[in-house]
Amino acid sequence: RKKDRLRWVEQYPNADLLIVTSDVLVDKLQLPIVVQVKARKDDYVVNVESGPSLQSKHIVESLTSPIQTCVGELSFEVMNTNGIIAGDQYKVTMYPLVAVVNAFKRNLKTAPLKRDSKIIGLTVTSDAPKRACDFVEKLIETYNSDVLDDKNLVAQNTAAFIEDRMSVVEQELKQTEDRTVQYLGEFGLVNPEIEVELFLNEDIEYRKQLVEVNTKIHITEYLCEFLETEVNKDSLLPAMFVTSISNKKKSEQAKTADVSISNIALMTAVEEYNALLLKKMRQQRGADANIGELDAEIATLRANIIETIKTMRKTLLISQRDLEQQIERTSKRRLNMPDYVRIYEKMVREKTLLEELYLFIGAKREENALVVASNIMPIKVVTSPQIIPVPVSPKYASIALFLLIGLALPLGIMIVYYMINNKISSESKDLDRRLSFPVVGALAKKPNTSFITVRDGDDSLAAELFRTGGC
């Protein structure tokens, strides 16, 4: 701020002077630092103050040279191209970051423009309107950046997990196809699917269910392996593999079955786990070392997720055994089938399982790519920050009203006091106004005496007043 007569004028954003100091001083700042600069003809007077105990005064010939002050080394950068002339006075106040944030929060007001409206109005009261506009724009920009970074981070971890699973499934599928081709060539089979189809019509429903259960078992194994690997300890979990039952949509026309693990509690735990990891990452970026409690909470939640997945896997294994028993009972009629048909059927089942799993993972990869491509700013600025030309403070009408009250109140008290005052304060004025005859003088009377007249030889004060006619 630059002094203009009796007031300090804000110079943001085009200030004449900038303070140059170390980042360590700014980061460790606990109390505000007030630096005042006064330009004289041949030198400059620099006063530095921080709290009641730290004060120092310096007289320097150049502001660009480092100055050893009571708070550390400071220097100035002159931004005014015309220079600083004698008589100019500047005041620069450096506040701790927490104090600046708290002050901005106090001055920031948010409210919807209309009831049930999704448009929110941000209002900031400040003596530096341009700086307040920049604050609001930076706040929106930072919020959008943080939200997009979190979404992209989850999507990147999910993409890495999907690519790893797809490479494994693709390799297993290729091996199964090679074995099937080799087996068909060895026994000279032309179209064994027709023969196998005759026996599969009866238990096709059980086999579909078995395929889904086996896929879920594979997914639980993948998730357990991912969670128990030390390298993935701080990696986000691919949440799209865990969907709630309410969100599952089945259709007769669907080409791929939804084989996601259906467990609301597990989905909630995974979302909470990812949220805690994101919070930990933000604290690490902010150089916050106090993350011990957060690590313990993440470890506990991770153990609970692993235990839940293992429990689900046990349940799926029980379902798998039940389905296999059902299939075994319906397959007793195929005891007389040639061995090559049964072996081929097993190969087809394994190939179908791997194809189903491969298609499912591929669909999830496309979904994840769409999520990354469709990430938009969560907050859209409808109207850029604007400065209201009419000051909101001070309100001159209120000042004039209180000034009038301040003048009228003492005057009213004096009038009331004068009207109710019945004491004689001036004999020549009060007695003449109240009596119809002239007053010669006034005699003093002691409270403990019962007479006013005096006796012979009396030389008291009352006697002297009586002889002289009062005073």
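Positions are given from 1, in the same order as the sequence printed here.
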Any ring pair (Phe, Tyr, Trp, His ring centres under 6.0 Å) pairs touching residues 125-155, not counting sequence neighbours? Phe104-Phe135
Identified side chain to side chain donor-acceptor pair (under 3.5 Å) partner of Asn214 from the options Gln320, Gln209, Glu350: Gln320
In Thr69, Val46, Asn47, the residue satisfying side-chain contact (heavy atoms from CB on, under 4.5 Å) with Ser56 is Thr69
Looking at Glu137, I want to see if its CD is surrounded by more than 12 non-hydrogen atoms of other residues, nucleotides or ligands under 6.0 Å. yes
Are any non-hydrogen side-chain atoms of Asp16 and Met79 less than 4.5 angstrom apart? no
Which is it for Tyr273 and Asn304 under the side-chain hydrogen bond (donor to acceptor under 3.5 Å, both in side chains) test, yes or no, and what are the steps along the way? CA-CA 10 Å; Tyr273 179 83; Asn304 293 337; over 6 Å; no
Surrounding NZ of Lys151 (heavy atoms of other residues, nucleotides or ligands, distance under 6.0 Å), is the total greater than 12? yes
Residues that Glu297 engages under salt bridge (charged side-chain N to carboxylate O under 4.0 Å, His left out), provided they are two or more places apart: none
About how many Å separate CZ of Phe360 and OG1 of Thr215, when rounded to the nearest 0.5 Å? 8.5 Å
Given the options Asp150, Leu153, Asp149, Leu276, Met281 meets side-chain contact (heavy atoms from CB on, under 4.5 Å) only with Leu153
Just to verify, which of Val20, Ile19, Leu63 counts as forming a side-chain contact (heavy atoms from CB on, under 4.5 Å) with Glu77? Val20
Roughly how far, to the nearest 0.5 Å, is the CD1 atom of Ile162 from the CG atom of Asn157? 11.0 Å
Flag the pair Asp134 and Arg131 as a salt bridge only when some basic side-chain nitrogen lies within less than 4.0 angstrom of an acidic carboxylate oxygen. no
Measuring from atom NZ of Lys216 to atom CG of Leu223, what distance do you get when rounded to the nearest 0.5 angstrom? 13.0 Å
Distance-minimising heavy-atom pair for Lys310 and Cys224: CG-SG, 4.1 Å
Grab the two heavy atoms, one from Pro32 and one from Pro96, that are nearest each other, plus how far apart they are. N-CD, 4.1 Å
Ile84 and Leu17, any side-chain heavy atoms less than 4.5 Å apart: yes
